[in-house]
Amino acid sequence: MFYEKYISENKTFIDETWEKLDEKLSRTAVKSRDKIPYSTQNGVHDDKSSDKDIFWWTNGFWGGLMWIMYAATGNEEYKKTAIRSEELMDKAFSDVQKLHHDVGFMWHILSGANYRLTGDTASRNRNLIAAMTLASRFKENGGYIRAWNGKWFGLDNDGWTIIDCMMNIPLLYWASKELGDDRFAQIAVSHADMSIRDHVREDGSMNHIVVHHTVTGEMLETLGGQGYAVGSTWSRGEAWGLYGFILSYMHTGEIRYLNIAKRIANYFITNVADTDWLPLVDFRAPEEPVLYDSTAGAIAACGLIEIARNLPDFEQRPYITAALKILRAMEEKFCNWEENEDSILQMGTEMYTRGIHKPIIYGDYFFAEAIAKLKGFDFNPWLK
Ligand code: GLY
């Protein structure tokens with residue numbers, strides 16, 4: 001198999017990077033146990049566990065990262081930190097109206113992972129509450145899951161969907177399997193099909209935000225969202241779609257999701273190859289300023305690895321070689337392995353106009369998930 005041959009040719013890089021991850025994360029797992037980190041300030045993890053910040057969409061990634069490391073190493077220190085993170089997150093259930101579609105990011109890789117790895121029934125219950133919350137956001141007219149609440153930069157966002165939600169719906173596939181109740185998976189499939197129709201463009205680029213008529217459900221317009229402008233290509237949105245569609249294929253076996261994942265991946269690979277395998281924030285932005293987003297690379301690498309594994313031998317090459325090229329380039333240029341910095345992957349970017357070139361927790365999460373996959377650890381937190 002091409003995949004296995006290529007992995008063995010890259011074994012030294014994979015092994016050395018994994019060792020560096022384990023060494024650094026086993027330290028920060030203890031040091032940051034009582035925090036829910038998002039980024040770092042002067043090298044020290046910040047903390048999103050306050051009453052105000054507990055609803056923040058990235059809060060599952062630190063605990064999720066700990067579960068990836070625990071599943072691979074069996075080191076109890078990772079498990080203790082993951083469980084602590086889940087306990088801290090319980091505060092978010094005290095005001096469910098503040099929850100949004102990112103409950104998949106927040107709980108499936110945290111409580112869902114705990115349940116799948118340890119059988120903890122309290123964690124199963126948390127993940128089911130998250131799944132029911134997500135399902136309740138479904139709008140039948142239009143067949144989509146509403147993204148956010150209230151306003152976004154001053155605009156009413158009732159009727160908005162964002163491509164990122166493709167990573168939230170694995171929670172629904174899981175709930176259907178867990179409860180033996182197809183309703184959740186039906187919502188996931190409906191939302192994924194809406195995303196093919198309204199978010200994915202013919203060339204494999206993507207609309208980040210789509211505005212739907214709140215009554216009829218029809219698509220009204222697209223917005224630039226976190227990318228450069230309307231009609232541009234925000235690279236993290238590409239990465240969410242790339243990984244999200246291959247996960248929908250792995251959950252459902254529906255070939256249209258594999259084909260869409262390949263179309264998005266082909267677009268992503270073409271664009272990132274042009275910048276030495278380091279993704280720009282937006283693939284359709286002016287040449288200056290040069291803005292990178294390492295998180296897009298880490299997320300895409302995870303998706304590319306899964307695409308390669310789900311294709312026959314003779315189709316694997318472009319996807320697995322691109323994944324390794326992205327990871328190698330980012331390890332060389334963007335990783336910080338020093339003790340005086342709590343984060344690993346630098347040069348993440350929140351959006352084209354804000355939060356530029358900083359460490360962001362999901363960069364570390366997806367970088368570790370990708371290397372764990374290449375090492376052959378078979379726990380995928382997004383699956384059932
Ligand atoms: N899901 C929001 C983001 O990727 O920034």
Side-chain angles (χ1 to χ4, degrees), residues 36-39 46 48 53 55-62 64-65 92 98-110 130 133-134 137 144-153 155 157 160-171 191-192 195 199 205-210 222-229 232-245 247 264 268 279-283 285 291-303 343 345-367 369 381-382:
I36 303 186
Y38 172 64
S39 185
D46 59 7
K48 289 270 188 201
D53 288 335
F55 306 95
W56 184 234
W57 74 278
T58 67
N59 282 356
F61 284 109
W62 172 240
L65 174 58
K98 292 210 177 105
L99 293 176
H100 36 71
H101 76 149
D102 285 327
V103 290
F105 282 120
M106 291 167 77
W107 278 284
H108 192 49
I109 56 173
L110 179 67
T133 304
L134 185 57
R137 302 182 71 80
Y144 61 85
I145 295 169
R146 179 184 174 173
W148 300 315
N149 307 321
K151 291 189 185 289
W152 194 80
F153 286 82
L155 298 172
N157 61 42
W160 288 20
T161 56
I162 65 172
I163 188 61
D164 323 29
C165 193
M166 285 303 301
M167 293 297 290
N168 284 318
I169 60 176
L171 172 65
H191 184 88
S195 284
H199 284 271
S205 68
M206 209 92 72
N207 297 313
H208 178 206
I209 299 177
V210 173
T222 67
L223 303 176
Q226 285 162 256
Y228 170 66
S232 72
T233 314
W234 177 47
S235 63
R236 191 161 65 249
E238 287 294 295
W240 290 139
L242 191 165
Y243 195 12
F245 277 109
L247 285 169
I264 301 166
F268 194 97
L280 299 173
V281 176
D282 196 304
F283 293 141
L291 301 177
Y292 292 101
D293 181 15
S294 59
T295 70
I299 299 158
C302 288
S343 66
L345 189 62
Q346 313 301 301
M347 302 292 278
T349 292
E350 288 168 358
M351 56 191 285
Y352 192 81
T353 51
R354 205 180 64 187
I356 291 159
H357 293 172
K358 59 193 273 190
I360 313 179
I361 188 65
Y362 46 88
D364 285 5
Y365 170 89
F366 284 103
F367 188 79
E369 187 187 315
W382 306 94

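Computed from a predicted structure; not experimentally measured. Read the numbers this way: they start at 1 and go in the same order the structure lists the ligands and their atoms. Heads up: numbering here begins at 1 and tracks the sequence.
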**Complete:** Per-atom filter on ligand 1: closer than 4.0 angstrom to a heavy atom of D164 are 1 (N), 2 (C), 3 (C), 4 (O)
**Contact check: E350 vs ligand 1, nitrogen or oxygen atoms, below 3.5 angstrom** = no
**Request:** Using a strict cut-off of 4.0 Å, indicate which atoms of ligand 1 neighbour a heavy atom of R236.
**Result:** 3 (C), 4 (O), 5 (O)
**Message:** Looking only at the aromatic ring of each residue, does the gap between the centers of W240 and F366 stay below 6.0 angstrom?
**Reply:** yes
**Request:** Under 4.0 Å, heavy atoms only, figure out whether ligand 1 is touched by the backbone of W148, its side chain, both or neither.
**Result:** neither
**With M106 via side chain to side chain contact (heavy atoms under 4.5 Å, CB included) - residues at least two apart** = M89, L99, H100
**Message:** Can you confirm whether T161 sits close enough to H191 that some side-chain heavy atom of one is under 4.5 Å from a side-chain heavy atom of the other?
**Reply:** yes
**Item:** Side chain, backbone, both or neither: the part of M351 lying under 4.0 Å from ligand 1 by heavy atom
**Value:** neither
**Prompt:** So, S195 side chain and I163 main chain: donor-acceptor pair closer than 3.5 Å or not?
**Reply:** no
**Numbered atoms of ligand 1 (with element) below 4.0 Å of W57, judged on heavy atoms** = 1 (N), 2 (C), 3 (C), 4 (O), 5 (O)
**Message:** Just to verify, what does S232 make a side chain to side chain contact (heavy atoms under 4.5 Å, CB included) with, not counting sequence neighbours?
**Reply:** Y228, D282, R284
**Asked** Is a donor on one side and an acceptor on the other found under 3.5 Å between the side chain of N168 and the backbone of G104?
**Response** yes
**Item:** N/O separation below 3.5 Å, D102 to ligand 1
**Value:** no
